[in-house]
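Working notes, structure below.
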2 protein chains.
Amino acid sequence: MNKEFISLLEKHQLRKTAPRLSVLSILKAKNTATSQPDLEAMIGKDVDRVTLYRILKTFEEKGIIHKILDLNGTANYAICHSSCNEHDHKDNHVHFNCTVCLHIYCLDNIQIPDIKIPSGFVSHTTNFVSYGICEKCSKKAEQYVNSNDEE
Amino acid sequence: MNKEFISLLEKHQLRKTAPRLSVLSILKAKNTATSQPDLEAMIGKDVDRVTLYRILKTFEEKGIIHKILDLNGTANYAICHSSCNEHDHKDNHVHFNCTVCLHIYCLDNIQIPDIKIPSGFVSHTTNFVSYGICEKCSKKAEQYVNSNDEE
DNA sequence: TCTTATATTGCAACAAAGTTGCATGATGTG
DNA sequence: CACATCATGCAACTTTGTTGCAATATAAGA
C-alpha cells in the first residue's frame, strides 16, 4: 500500500519523507476532498503546520493533488485521478459541495461542459461546483422526517 | 444617484447608513467584482473593518450582492444584476477570473449550462468560473511583445 | 559504508482574513 | 420627541496562510 505512494513520489522526483506519505495516505483514504483544517487535525502535531502547507503546495504544482475551494473559501484537497503532471494539470470534472456536511465530492465521471466566452478573453481552465445536499445527508434528513411522523 | 441606493436599502428593509451607501457606491462603480481587501482599502478608516464584514454579510443574505471566490479563495463582491431577493438568490451567470490582474468579471449574458448529477444528490446552486486572461491583460501583453520586436 | 550537496522540515515570528461580545450611537416609527 | 431596535465601533481573539533561517534527512557518489 505504501509502495503506491512511494512510486508516486519517485515519479515526480520528490523525496520520500514521512510527512509526505502521511498526507498521501490521508487523502487517499477518503472519497471526498479533505479540507486544510481537517488535514491539519488528522496529521497531528508530528508534522509542522508550515510543512503541511508546503507539501500541499508542491503536490499541487506537481499535479499530484488538486485544490478545490468550498463555499466558505476554505481549501480542500483531493488526489488527482486522471494522469496529471506539471505541464498538463487539469481537473476538468464537476465538484459537488454539500451545504450540510460541507464535504466536497469529485464527480469524476461528469465533465465540465464547454461555454462560449466573450471575444478577447482567453480561458485556460474552468471550474464547476454544484452546491446542494449529498446522498448521505439526504438520507439522514429522510430518516429524521420519518422518525417524527407522529407529530 | 444616491436615490438608487437608498431605495435599494428601503426595498430590503435595511436602514440607510453612511457605511452601507459607501459600500454600494464602490461596488456599483466598477464593472468587475471588488475583493474584500480592496473594499477595505477603498472605504478607508471611516468605516470599521468589522462593520464592513457585517454589511457584506447582510447584503449577501438579502440578495443585494453576491460573493465570488477568486483562485486564491479571496472573497470578491459584486452587485446582483438580476432581481435577487432573500428567497431566490441565484447568481447563475458565468464568472471569469483573470489570472494576471485577478479581476473577476460577471459574464451576465452567459448562463451556466445544466449538468446531470448523480442520483441521490440534490443541487440547489451551481457555480461556474473560467480562469484565464482577460481582454485588457491580453492587449497589454500584445503591446509588450510588439515593443520588443527588435530583439 | 561514509561523505556531501541539496531537498525538506521545524521553529519563530509575522501578516492577513474573519469572528465574537459588548457598549455606544444612529435610525425610524409612533 | 421619546424609545425600541438596528447598526456601528472598539477590543480582543481565532484561524489561515506566509517568510526567513537554522537544523535535519534524503539520495547519490566515492
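A, B, ... follow the sequence lines: proteins, then strands. Residue 1 opens every chain.
Counting non-hydrogen atoms under 4.0 angstrom, A:Q36 reaches the backbone sugars and phosphates but no base. Among the protein residues, B:N72 comes within range of no part of the nucleic acid, since none of its heavy atoms lies under 4.0 Å from any strand.
Look at CG on A:L39: it is 15 Å from C1' on D:dG17, rounded to the nearest Å. Distance NZ (A:K57) to P (C:dT9): 14 Å, rounded to an integer number of Å. Protein atom CG of A:L21 is 13 Å distant from nucleotide atom C1' of D:dT26, rounded to whole Å. Taking atom NE2 on A:H12 and atom P on D:dT26, their separation rounds to 20 Å, with Å as the unit. Separating the CZ atom of A:F59 from the P atom of C:dA7 is a distance of 16 Å, rounded to the nearest angstrom. Atom CG of A:L69 is separated from atom C1' of D:dG17 by 13 Å (rounded to the nearest Å). Computed from coordinates, the A:E60 CD to D:dT18 P distance equals 11 Å when rounded to whole Å. The interatomic distance linking B:K62 (NZ) with D:dA7 (C1') rounds to 13 Å, in whole Å.
With D:dT8, C:dC11, D:dC10 as the choices, the nucleotide that has an atom nearest any side-chain atom of B:P19 turns out to be D:dT8. Among the nucleotides D:dA27, C:dG28, D:dC10, the one closest to the side chain of A:K16 is D:dA27. The side chain of A:D48 approaches C:dG10 more closely than any other nucleotide in the set C:dA26, C:dG10, C:dA7. Of all nucleotides listed (C:dT19, C:dG10, D:dG9), C:dT19 comes nearest to the side chain of B:R49. Each of C:dT6, D:dT19, D:dT5 was ranked by its minimum atom distance to the side chain of B:R15; first place goes to D:dT5.
Between the side chain of A:T99 and the main chain of A:G132, a donor-acceptor pair closer than 3.5 Å is present. Between the side chain of A:N76 and the main chain of A:I104, no donor-acceptor pair closer than 3.5 Å is present. Under a 3.5 Å cut-off, the side chain of A:T74 and the backbone N or O of A:D70 do not form any donor-acceptor pair.
The 12-atom threshold is exceeded at NZ of A:K30, counting heavy atoms of other residues, nucleotides or ligands nearer than 6.0 Å.
The side chain of B:T17 places an N or O atom within less than 4.0 Å of a non-bridging phosphate oxygen (OP1 or OP2) of D:dT8. When the side-chain nitrogen and oxygen atoms of B:R54 are compared with OP1 and OP2 of D:dT8, none of them lie within a distance under 4.0 Å.
Heavy-atom nearest nucleotides on DNA chain D were determined for B:R20 and for A:Y53, and the one closer to the 5' end corresponds to B:R20. Between B:L14 and B:E40, the residue anchored closer to the 5' end of DNA chain C is B:E40, taking for each the nucleotide with the nearest heavy atom.
A distance of 6.0 Å or more separates the ring centres of A:Y77 and A:F59.
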